[in-house]
Chemist: 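Provided herewith is a single structure, encoded as structure tokens, for subsequent inquiry.
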Amino acid sequence: MRSARTLQSLNHVHHHHHHHGRSAGIIGAPFSRGQPRGGVERGPDLIRAAGLLNRLHEQGCAVKDYGNVAFEDVVQDEPVGLVKRVRAVGSANQRLSEAVQAVKRDGHTSVMLGGDHSLAIGSIHGHSAAVGDLSVVWVDAHADINTPLSSYTGNIHGQPMSYLLHELHTKIPVLPNFSWLKPCVWAKDLVYVGLRDVDPAEHYILKLLGVKVFSMSEVDQLGVSRVMEETCDYLSARGKKPIHLSYDIDAIDPSVTPVTGTPVAGGLTYREGVYIAEHLSQTGLLSAVDLVEVNPLRGQTEEDVRSTVSTAVELLLACFGRLRGGNHPLDYRLPEP
């Protein structure tokens, strides 16, 4: 008898998730100025070409493609202190923020295809402007929380989180094309998963602000299911806010996703990476996703590119309720015993 009841409740759970009426609003952000390597602007079209929209449709998800954001070509863009291409990055993120706000107003889960990770500034800002307070889950080999003054490289893709946090507001200098940006995330609403390459200044900032971090050591020690359980418990203790998942493809081990600008050995396995997305999808709170840093020009072979891009697609499908083992059609019911 118990097994029958379990099956009924499983059916109920499945039913509930399907009726959630998931719909994806896709925004391409072909932008590379947050870092030095060309090619990452090709990410959005490659991910679409790998069949993302069709495959979302097939799993019962409504899809609207908003096309690619048109970014202005900023010609005069001298460094401000150490910070590189500030004007281009500021202007691009303002446009992206407006695009994400439009997607959220239309009632979709926003999917931003990058581009480099500096784009999280506009994506998270736009999401918050549309829905209010957010939880952010940042899946990445890097913390991307250097301030413009602590960054060694001056590349803004290593800084986006510092621009978004209320607590770091006073550490961000006035920068051209950034006057539109107001911080919108509290440190207590941020969780990192997969970190393994953190600068000393970033380490200091994370400790100072008490940010919740699951580095690769913790993933190894606890296992990914425990990490995700603790992530969701930690966030929901502060109220069930909409979740923004910002996923850098370099979180996954470079043996699986080699075509990215700053690969770091010892990353998440394919299975761990997909599990993270599955788990967040099942909360029912996932409200926006970034998938960034796919750079086909970094590949040695065609297979490198294919493996990276197809992994990006699988991660996004998992965000919209695809479970490995397949989803059951809605009308499927086990007979009563």
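The residues of the chain are indexed from 1 along the displayed sequence.
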Chemist: Might you confirm whether atom CZ of Arg85 has over 12 heavy atoms from other residues, nucleotides or ligands at distances under 6.0 Å?
Modeler: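 Atom CZ in Arg85 is crowded, with more than 12 foreign heavy atoms closer than 6.0 Å.
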Chemist: Can you list everything that forms a salt bridge (charged side-chain N to carboxylate O under 4.0 Å, His left out) with Asp65? Sequence neighbours excluded, please.
Modeler: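 So Asp65 forms a salt bridge (charged side-chain N to carboxylate O under 4.0 Å, His left out) with Arg48.
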Chemist: Would you list the pairs meeting salt bridge (Lys or Arg N to Asp or Glu O under 4.0 Å) in which at least one residue belongs to residues 49-59, sequence neighbours left out?
Modeler: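 Passing the test, one end in residues 49-59: Arg55-Glu314.
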Chemist: How would you list, by chain and number, every residue that makes a side chain to side chain contact (heavy atoms under 4.5 Å, CB included) with Thr269, sequence neighbours excluded?
Modeler: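 Listed in chain order: Arg271, Glu272.
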Chemist: Should we count OH of Tyr204 as having more than 12 external heavy atoms under 6.0 Å?
Modeler: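 Counting neighbours around OH of Tyr204, 12 or fewer heavy atoms of other residues, nucleotides or ligands fall under 6.0 Å, so no.
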Chemist: Report the residues that fulfil ring pair (Phe, Tyr, Trp, His ring centres under 6.0 Å) with His203, sequence neighbours left out, ordered by chain and then residue number.
Modeler: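 By the ring pair (Phe, Tyr, Trp, His ring centres under 6.0 Å) rule, His203 matches no residue at all.
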Chemist: Please examine the side chains of Thr262 and Gln35, heavy atoms only from C-beta on, and report whether any two atoms are closer than 4.5 Å.
Modeler: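 No, side chains not in contact.
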Chemist: Within the structure provided, determine whether Lys171 and Leu149 are in side-chain contact (heavy-atom separation under 4.5 Å).
Modeler: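 Lys171 does not reach Leu149 side chain to side chain.
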Chemist: Under the side-chain hydrogen bond (donor to acceptor under 3.5 Å, both in side chains) rule, collect the residues that match up with Arg298, sequence neighbours excluded.
Modeler: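 If we apply the side-chain hydrogen bond (donor to acceptor under 3.5 Å, both in side chains) test to Arg298, skipping adjacent residues, there are no hits.
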Chemist: I'd like to know whether CD of Glu78 has more than 12 heavy-atom contacts from other residues, nucleotides or ligands below 6.0 angstrom.
Modeler: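 It does: Glu78 CD has more than 12 such atoms within range.
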Chemist: Run the salt-bridge test on Asp77 and Arg87 with the 4.0 Å N-O cut-off and return the result as yes or no.
Modeler: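 Arg87 and Asp77: salt-bridged.
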Chemist: Who passes side chain to side chain contact (heavy atoms under 4.5 Å, CB included) against Gln221, sequence neighbours left out?
Modeler: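 Side chain to side chain contact (heavy atoms under 4.5 Å, CB included) list for Gln221, sorted by chain: empty.
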Chemist: If the condition is salt bridge (charged side-chain N to carboxylate O under 4.0 Å, His left out), which residues does Asp220 pass it with, not counting sequence neighbours?
Modeler: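 Asp220 satisfies salt bridge (charged side-chain N to carboxylate O under 4.0 Å, His left out) with no other residue.
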Chemist: Other residues, nucleotides and ligands only: do more than 12 of their heavy atoms fall within 6.0 Å of CD on Glu303?
Modeler: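 For Glu303, atom CD is crowded (more than 12 foreign heavy atoms under 6.0 Å).
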Chemist: What residues form a salt bridge (charged side-chain N to carboxylate O under 4.0 Å, His left out) with Arg196, not counting sequence neighbours?
Modeler: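 So Arg196 forms no salt bridge (charged side-chain N to carboxylate O under 4.0 Å, His left out) with any residue.
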Chemist: Answer yes or no: is there an ion pair linking Arg324 with Glu278, defined by an N-O contact shorter than 4.0 Å?
Modeler: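 Looking at Arg324 and Glu278, the cut-off is met.
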Chemist: Would you check, one step at a time, whether the test ring-ring contact (aromatic ring centres under 6.0 Å, His included) holds for His244 with Trp138?
Modeler: CA-CA 8 Å; His244 188 110; Trp138 194 280; 8.3 Å; no
Chemist: Around atom NE2 of His169, are there more than 12 heavy atoms of other residues, nucleotides or ligands at under 6.0 Å?
Modeler: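 Atom NE2 in His169 is not packed in, count stays at 12 or less.
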Chemist: Are Leu195 and Leu190 co-members of a hydrophobic cluster defined by side-chain heavy atoms under 4.5 Å apart?
Modeler: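 Result: yes, single cluster for both.
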Chemist: Between Arg306 and Glu302, does at least one N-O distance fall below 4.0 Å, as a salt bridge requires?
Modeler: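 Judged by the 4.0 Å cut-off on N to carboxylate O distance, Arg306 and Glu302 do not form a salt bridge.
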Chemist: Which residues pass the ring pair (Phe, Tyr, Trp, His ring centres under 6.0 Å) test with Tyr270, not counting sequence neighbours?
Modeler: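 Counting only residues at least two positions away or on another chain, Tyr270 forms no ring pair (Phe, Tyr, Trp, His ring centres under 6.0 Å).
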Chemist: For residues Leu209 and Ile124: do they belong to one hydrophobic cluster (side chain heavy atoms under 4.5 Å, members Ile, Leu, Val, Met, Phe, Trp, Tyr)?
Modeler: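 Per the 4.5 Å side-chain linkage, Leu209 and Ile124 are co-clustered.
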Chemist: Quick one: ring pair (Phe, Tyr, Trp, His ring centres under 6.0 Å) partners of Phe214, sequence neighbours excluded?
Modeler: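 So Phe214 forms no ring pair (Phe, Tyr, Trp, His ring centres under 6.0 Å) with any residue.
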Chemist: State which residues pass salt bridge (charged side-chain N to carboxylate O under 4.0 Å, His left out) with Asp189; sequence neighbours excluded, sorted by chain then number.
Modeler: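 Arg238, Lys241.
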Chemist: Hey, can you tell me if Tyr275 and His279 have their rings parallel, tilted or perpendicular (30° and 60° cut-offs)?
Modeler: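 Judged by the thresholds at 30° and 60°, the geometry between Tyr275 and His279 is tilted.
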Chemist: List in chain and number order the residues that pass side-chain hydrogen bond (donor to acceptor under 3.5 Å, both in side chains) with Ser215, two or more places apart in sequence or in another chain; answer none if no residue qualifies.
Modeler: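 Counting only residues at least two positions away or on another chain, Ser215 forms a side-chain hydrogen bond (donor to acceptor under 3.5 Å, both in side chains) with Glu218.
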